[in-house]
Amino acid sequence: MIDVQPGVCDAAERGDVVDAADLHALNLDKADAINRWLTTLGEVRPSTMRGLGADLSDLYAGAIRYQRLLDALLATPQDGRVRASTLLVETTVELRHLAWHIRSCVGKLERLAGGLAPDDEG
């Protein structure tokens, strides 16, 4: 049996897998929270802070979008080939978007982590 997020079947039937306004608001809230947290560190350059805030919040919202797309795909009946094709294309686009943000932030996160816990501090 395939587990599907509650409400996704209904959303998939209506064609509205993802509420873009909800995810946009969530993305902005997460970016703000990330930037506030980074500010508490005190030593993060503003340009790094903005970049990380954007990347990490987009990854957060994008992961939710990916989850909803995948749930909708799994809820698509076998005879819904056109719907499945559309969902696969949207999923591919979202995965490329996530990959871009991952590539963008990995080095920044590694440098930030290294600065927070230098090797010489046991």
Side-chain angles (χ1 to χ4, degrees):
M1 184 173 152
I2 298 172
D3 290 330
V4 178
Q5 185 178 0
V8 170
C9 293
D10 297 333
E13 288 173 12
R14 291 190 313 267
D16 58 347
V17 174
V18 178
D19 183 345
D22 264 357
L23 285 183
H24 181 70
L26 177 65
N27 191 337
L28 293 176
D29 288 345
K30 284 296 170 187
D32 186 49
I34 292 164
N35 289 332
R36 280 194 317 270
W37 182 80
L38 289 170
T39 299
T40 66
L41 299 178
E43 297 181 22
V44 181
R45 292 186 327 216
S47 60
T48 300
M49 196 178 327
R50 284 189 303 275
L52 277 175
D55 285 332
L56 295 176
S57 64
D58 270 16
L59 285 166
Y60 189 92
I64 293 170
R65 178 170 164 71
Y66 166 76
Q67 177 187 13
R68 291 178 183 172
L69 286 165
L70 187 58
D71 284 345
L73 181 64
L74 295 174
T76 302
Q78 285 184 322
D79 62 352
R81 295 175 70 83
V82 172
R83 175 77 174 145
S85 176
T86 299
L87 288 168
L88 287 169
V89 168
E90 289 182 31
T91 301
T92 300
V93 169
E94 191 57 48
L95 287 172
R96 289 183 191 278
H97 173 236
L98 291 171
W100 188 93
H101 283 290
I102 290 168
R103 284 189 305 274
S104 174
C105 75
V106 165
K108 295 172 196 167
L109 289 173
E110 288 173 339
R111 287 187 297 279
L112 179 59
L116 294 176
D119 291 339
D120 60 336
E121 290 184 7

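No experiment lies behind these values; they were computed from the predicted model shown.
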Apply side-chain contact (heavy atoms from CB on, under 4.5 Å) to [X] and list each qualifying residue two or more places apart in sequence or on a separate chain.
X	result
Thr39	Met49
Arg96	Thr92
Ala99	Arg103

So how far is it from [X] [atom1] to [Y] [atom2], rounded to the nearest 0.5 Å?
X	Y	atom1	atom2	answer
Leu23	Leu28	CG	CG	11.0 Å
Ile102	Leu95	CD1	CG	9.0 Å
Leu26	Arg65	CG	CZ	13.5 Å
Glu110	Leu112	CD	CG	11.0 Å

Would a distance-only check, ignoring hydrogens and angles, find a side-chain to backbone donor-acceptor pair under 3.5 Å from Thr91 to Leu87?
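Judged by distance alone, yes, a pair lies under 3.5 Å.
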ILVMFWY cluster, Ile34 and Leu41 together (side-chain gap under 4.5 Å)
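Yes, Ile34 connects to Leu41 through the hydrophobic network.
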Same apolar cluster: Val93 and Leu69, side chain cutoff 4.5 Å:
no
For Ser57 against Asn27, the heavy-atom pair lying closest together
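Taking every non-hydrogen atom into account, OG-OD1, 2.7 Å.
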Partner set under ring pair (Phe, Tyr, Trp, His ring centres under 6.0 Å) for His24, not counting sequence neighbours:
none
With sequence neighbours left out, what residues match Asp55 under salt bridge (Lys or Arg N to Asp or Glu O under 4.0 Å)?
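Partners of Asp55 under the salt bridge (Lys or Arg N to Asp or Glu O under 4.0 Å) test: Lys108.
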side-chain hydrogen bond (donor to acceptor under 3.5 Å, both in side chains) against [X], all qualifying residues, sequence neighbours excluded:
X	value
Arg36	Asp32
Thr86	none
Asn35	none

Assess whether side chain to side chain contact (heavy atoms under 4.5 Å, CB included) is satisfied between Thr76 and Arg81, documenting all intermediate values.
CA-CA 8 Å; Thr76 302; Arg81 295 175 70 83; over 6 Å; no
Enumerate the residue pairs fulfilling ring pair (Phe, Tyr, Trp, His ring centres under 6.0 Å) with a member in residues 30-84, sequence neighbours excluded, ordered by first and then second residue.
none
Pairs where residues 74-113 contributes a residue and the test ring pair (Phe, Tyr, Trp, His ring centres under 6.0 Å) is met, not counting sequence neighbours
His97-His101
Under the salt bridge (Lys or Arg N to Asp or Glu O under 4.0 Å) definition, can you give me all pairs with a residue in residues 20-29, not counting sequence neighbours?
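Salt bridge (Lys or Arg N to Asp or Glu O under 4.0 Å) check on residues 20-29 returns no pairs.
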Are Thr48 and Leu38 side-chain neighbours, meaning at least one heavy-atom pair lies under 4.5 Å?
no
Do Asp58 and Lys30 have side chains that get closer than 4.5 Å, going by heavy atoms?
no
Using the side chain to side chain contact (heavy atoms under 4.5 Å, CB included) rule, take Cys105 and Leu56 through it: C-alpha gap first, then chi angles, then the decisive distance, then the call.
CA-CA 8 Å; Cys105 75; Leu56 295 176; 4.1 Å; yes
